Visitor: 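One structure coming up, written as structure tokens, with questions to follow.
Remember, it's a predicted structure, so these values are computed and weren't measured experimentally.
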Amino acid sequence: QVQLVESGGGSVQAGGSLRLSCTASGDTYRTHCMTWFRQSPGSEREGIASVTYRSKQEYYTDSVKGRFTLSLDKNKNTLYLEMNSLHLEDTGMYYCAVRTSLGDCTSFYTSLFRYWGQGTQVTVSS
């Protein structure tokens, strides 16, 4: 089992910044991909940024590339998501998820991810 706890969400004006954290505990050695998903109201959950745990190779979707940055601290089992230049459309619930099965960490099918955090809300206002 892997437990995930997200934190760092909040309300911010457009153009502002937030840093989200996802701390893993339990059988973290099983982690292959550690990924941030976002779910906006009325929309499906979408993957936005992912890291391959062993190599620390990072992946970003086009919607956040150049604005969001991942940082993995293996000593703390924590994945950070630094979000800059926030847009109104970045509003949503942000979830951290862990995939234990091997494969491409750029694949964001939610069914591939066995463990999920409870989410942290990000609200961007004008």
Visitor: Which atoms form the tightest heavy-atom contact between Thr35 and Ser50, and what is the distance?
Guide: OG1-OG, 2.7 Å
Visitor: Can you find a heavy atom in the side chain of Leu18 that is under 4.5 Å from one in the side chain of Leu86?
Guide: yes
Visitor: side-chain contact (heavy atoms from CB on, under 4.5 Å) with Asp104: which residues, sequence neighbours excluded?
Guide: Thr106
Visitor: Quick check against the 3.5 Å criterion: does Gln118 have a side-chain atom that pairs as donor or acceptor with the backbone of Glu6?
Guide: yes
Visitor: Tell me whether Asp27 contacts the main-chain N or O of Arg30 through its side chain, where contact means a donor paired with an acceptor under 3.5 Å.
Guide: no
Visitor: State, with a plain yes or no, whether a side-chain heavy atom of Phe108 is found less than 4.5 Å away from one of Arg45.
Guide: no
Visitor: Same cluster or not: Trp36 versus Met93, using hydrophobic residues (I, L, V, M, F, W, Y) connected whenever any side-chain heavy atoms lie under 4.5 Å apart?
Guide: no
Visitor: Whether the side chain of His32 engages the backbone of Tyr53 through a donor-acceptor N/O pair (distance < 3.5 Å, no angle test) should be reported.
Guide: no
Visitor: Are Glu82 and Tyr80 close enough that a side-chain donor and a side-chain acceptor fall under 3.5 Å?
Guide: no
Visitor: Say you draw a straight line from CG of Leu4 to OH of Tyr115; how long is it, rounded to the nearest 0.5 Å?
Guide: 9.5 Å
Visitor: Any chance the side chains of Thr91 and Thr123 put a donor and an acceptor closer than 3.5 Å?
Guide: no
Visitor: Taking everything shown except Lys56 itself, do over 12 heavy atoms lie less than 6.0 Å from its NZ?
Guide: yes
Visitor: Assess whether atom CD of Gln1 is packed by more than 12 heavy atoms of other residues, nucleotides or ligands within 6.0 Å.
Guide: no
Visitor: Are Leu79 and Val51 packed together at the side-chain level, in the sense that at least one heavy-atom pair is separated by less than 4.5 angstrom?
Guide: yes
Visitor: Under the side-chain contact (heavy atoms from CB on, under 4.5 Å) test, which residues partner Tyr109, sequence neighbours left out?
Guide: Ser107, Ser111, Leu112
Visitor: Are Gln39 and Tyr95 side-chain neighbours, meaning at least one heavy-atom pair lies under 4.5 Å?
Guide: yes
Visitor: Show the numbers, then the answer: is there a side chain to side chain donor-acceptor pair (under 3.5 Å) between Thr78 and Ser21?
Guide: CA-CA 7 Å; Thr78 298; Ser21 300; over 6 Å; no
Visitor: Decide yes or no for Val124 and Gln13: does some side-chain heavy atom of the first lie under 4.5 Å from some side-chain heavy atom of the second?
Guide: no
Visitor: Verify, without hydrogens or angle tests, whether Lys76 (side chain) and Ala24 (backbone) share a donor-acceptor contact under 3.5 angstrom.
Guide: no
Visitor: Do you reckon Met83 sits in the same ILVMFWY cluster as Leu88, going by side-chain contacts under 4.5 Å, direct or chained?
Guide: yes
Visitor: Say whether, by atom type as modelled, one donor and one acceptor occur between the side chain of Arg67 and the main chain of Ser85 under 3.5 angstrom.
Guide: yes
Visitor: Could you give all pairs that pass the disulfide (SG to SG under 2.5 Å) test and reach residues 21-95, with sequence neighbours left out?
Guide: Cys22-Cys96, Cys33-Cys105
Visitor: Stepwise, does the side chain to side chain donor-acceptor pair (under 3.5 Å) test hold for Thr52 with Tyr59?
Guide: CA-CA 9 Å; Thr52 303; Tyr59 314 91; 3.2 Å; yes
Visitor: Is a donor from one side chain sitting under 3.5 angstrom from an acceptor on the other, for Ser17 and Asn84?
Guide: yes
Visitor: Which heavy atom in Ala49 sits nearest to a heavy atom in Leu81, and how many Å separate them?
Guide: CB-CD1, 4.2 Å
Visitor: Does Thr31 use its side chain to pair, donor to acceptor, with the backbone of Thr28 at less than 3.5 Å?
Guide: yes
Visitor: Residues in side-chain contact (heavy atoms from CB on, under 4.5 Å) with Glu89, at least two apart?
Guide: His87
Visitor: I'd like to check the ring-ring contact (aromatic ring centres under 6.0 Å, His included) partners of Phe37; sequence neighbours left out, ordered by chain and number.
Guide: Phe113, Trp116
Visitor: Would you please name every residue forming a side-chain contact (heavy atoms from CB on, under 4.5 Å) with Ser63, sequence neighbours left out?
Guide: Arg38, Thr61
Visitor: Can you check whether Ile48 reaches Phe68 side chain to side chain, under 4.5 Å on heavy atoms?
Guide: yes
